[in-house]
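Working notes, beginning with the structure itself.
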There are 2 protein chains.
Amino acid sequence: MQDKRVENARERVIESISKNMDIYSVTPSVGRLYGAMFFEKDPMTLDEMKDKLQMSKTSMSTGVRTLIDLNMVDKVWRKGERKDLYEVKSDWYQTFTDFFCIHWRKGIEMNRDACKESIAELMKVMDEDLSKEEKMMAEADLDKMSYALGYYEWLNKVVDLFESRRIFDVIDKEDELK
Amino acid sequence: MQDKRVENARERVIESISKNMDIYSVTPSVGRLYGAMFFEKDPMTLDEMKDKLQMSKTSMSTGVRTLIDLNMVDKVWRKGERKDLYEVKSDWYQTFTDFFCIHWRKGIEMNRDACKESIAELMKVMDEDLSKEEKMMAEADLDKMSYALGYYEWLNKVVDLFESRRIFDVIDKEDELK
DNA sequence: TAGTTTGTACAGTTTTTTCTGTATGTACTG
DNA sequence: CAGTACATACAGAAAAAACTGTACAAACTA
């Protein structure tokens with residue numbers, strides 16, 4: 001039988017996922033790969049991916065690597081199978097929190113370190129005799145950096161909230177409601 | 001006097017901000033522009049920006065536009081000033097939540113709609129007589145889509161948490177602690 | 001009104017990213 | 001051991017994005 005509707009229904013969702021994977025800073029191609037793997041019953045080989053997406057095997061290799069680095073896909077092992085097998089991680093809640101915790105944390109760390117270093121430097125400079133205006137400038141910059149520091153502390157705690165999974169106390173997972 | 005240390009301290013932070021603005025899907029150039037505006041005492045004109053960053057005025061124009069679209073910068077008006085003036089929005093907590101709420105919400109909406117449409121389609125197909133395997137495939141896809149839907153509902157509530165500012169009940173702003 | 005100043009649309013250039021095919025190293029098979 | 005299958009490094013091609021200078025429209029000035 002030739003009912004394309006099942007295929008179409010799946011394809012619609014894959015396409016939508018692909019388009020919206022930009023929140024993970026991923027290209028639509030890699031997004032489509034993710035979507036395809038998500039719906040596949042069994043773990044996929046690179047060759048299956050390339051047939052499915054009509055792209056080069058090299059692209060599949062780098063695409064899968066990208067998704068693994070993002071903690072979105074696992075390499076799985078199966079007895080008697082020579083090819084590498086890959087499947088999408090099944091816990092989307094974890095995938096989501098992993099991604100943002102890692103990226104936010106990195107940004108926070110770097111910016112906070114820069115602020116701290118610069119604040120220390122400015123404090124030192126303030127003790128010496130500077131021109132009136134330079135002193136005021138240093139003062140103003142110190143204020144800005146302190147504000148930034150406060151914000152980064154807050155954001156760090158937000159990341160803690162997700163990383164510690166306490167977020168699930170605040171917002172219940174849907175599938176646990178039944 | 002020629003003490004470069006104040007300038008260096010500022011530059012270090014600008015550079016760090018610039019590097020980490022990728023979490024907002026913004027290029028380092030636009031990030032540097034944002035950093036420069038952040039430290040400027042007064043609202044800046046496009047010409048001041050171009051002098052500061054040594055880039056074309058066109059780039060400043062499009063860069064500022066980008067930042068305005070992201071709700072990170074405001075155009076401000078000042079009596080007797082012909083040039084347009086721009087300044088960084090002062091509430092970083094708001095900037096942060098705005099950005100992620102807008103982007104996440106968009107992704108959620110689109111994916112949820114796609115899922116709902118496809119689920120309806122598959123339900124309809126299930127009633128008709130299909131081959132055994134096609135029925136199983138539809139069934140499996142329905143499960144996946146239901147899972148996705150549940151996840152999107154959860155994420156929607158997370159966005160609500162930020163958008164409603166209830167997040168600040170869960171995680172206090174640092175500057176309110178004193 | 002004519003003459004400036006200012007912001008941006010647009011076209012072209014440079015840079016970066018994505019994608020492909022070939023080549024190579026590794027790990028299996030017999 | 002040779003022979004095969006596989007993943008990926010690498011180089012080059014294609015596509016996309018960032019950036020610039022010019023041109024022009026709108027808003028202001030006198």
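The chains referred to below are lettered A, B, ... by the order of the sequence lines, with proteins before strands, and numbering in each begins at 1. Only heavy atoms go into these numbers, but all of them, side chains included; no hydrogens, no water, no symmetry mates.
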Give the rounded distance in Å between these two atoms: [atom1] of [X] and [atom2] of [N].
{"X": "B/Trp77", "N": "D/dC28", "atom1": "CH2", "atom2": "P", "answer": "11 Å"}
{"X": "B/Lys83", "N": "C/dT4", "atom1": "NZ", "atom2": "P", "answer": "17 Å"}
{"X": "B/Met60", "N": "D/dT20", "atom1": "CE", "atom2": "P", "answer": "7 Å"}
{"X": "A/Asp84", "N": "C/dC28", "atom1": "CG", "atom2": "C1'", "answer": "12 Å"}
{"X": "B/Arg65", "N": "C/dT6", "atom1": "CZ", "atom2": "C1'", "answer": "14 Å"}
{"X": "A/Met55", "N": "D/dA13", "atom1": "CE", "atom2": "C1'", "answer": "14 Å"}
{"X": "B/Leu46", "N": "C/dA9", "atom1": "CG", "atom2": "P", "answer": "12 Å"}
{"X": "A/Lys50", "N": "C/dG21", "atom1": "NZ", "atom2": "P", "answer": "10 Å"}

(request) Could you tell me whether A/Glu121 and B/Arg5 make a salt bridge, using a distance below 4.0 angstrom between a side-chain N and a carboxylate O? (result)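 Salt bridge: no.
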Could you check whether [Y] and [X] have their ring centres less than 6.0 Å apart?
{"X": "B/Trp104", "Y": "B/Tyr152", "value": "no"}
{"X": "B/Phe162", "Y": "B/Phe100", "value": "no"}
{"X": "A/Phe38", "Y": "A/Trp92", "value": "yes"}

(message) Looking at A/Ser59, I'd like to know whether one of its side-chain N or O atoms comes within less than 4.0 Å of OP1 or OP2 on C/dC19.
(response)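 Looking at the OP1 and OP2 atoms of C/dC19, neither is under 4.0 Å from any side-chain N or O of A/Ser59.
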(message) Check the phosphate of C/dT20 against A/Lys57, side-chain N and O only, distance under 4.0 Å to OP1 or OP2. Yes or no?
(response)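 For A/Lys57, the contact criterion (side-chain N or O under 4.0 Å from OP1 or OP2 of C/dT20) is not met.
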(message) Check whether B/Glu81 reaches the backbone of B/Lys83 with its side chain - one donor and one acceptor, N or O, closer than 3.5 Å.
(response)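 Side chain of B/Glu81 to backbone of B/Lys83, a donor-acceptor pair under 3.5 Å: yes, one is there.
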(request) Map A/Ser61 and A/Arg82 onto DNA chain D by nearest heavy atom, then report which one ends up closer to the 5' terminus. (result)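 It is A/Arg82, whose closest nucleotide lies nearer the 5' terminus.
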(message) Below 4.0 angstrom, which residues in residues 23-42 of chain A have at least one non-hydrogen atom near DNA chain D?
(response)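 Listed by number, there are none.
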(message) Should the side chain of B/Thr58 and the base of C/dG7 be counted as holding a donor-acceptor pair, with the cut-off at 3.5 Å?
(response)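 Looking at the base of C/dG7, it does not pair with any donor or acceptor on the side chain of B/Thr58 (distance under 3.5 Å).
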(request) Compare all side-chain heavy atoms of A/Tyr86 with those of A/Lys75 and state whether any distance is below 4.5 angstrom. (result)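 Yes; the side chains approach each other to less than 4.5 Å.
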(request) For the residue pair A/Asp47 and A/Lys57, establish whether any side-chain heavy-atom pair is separated by less than 4.5 Å. (result)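 Yes; the side chains approach each other to less than 4.5 Å.
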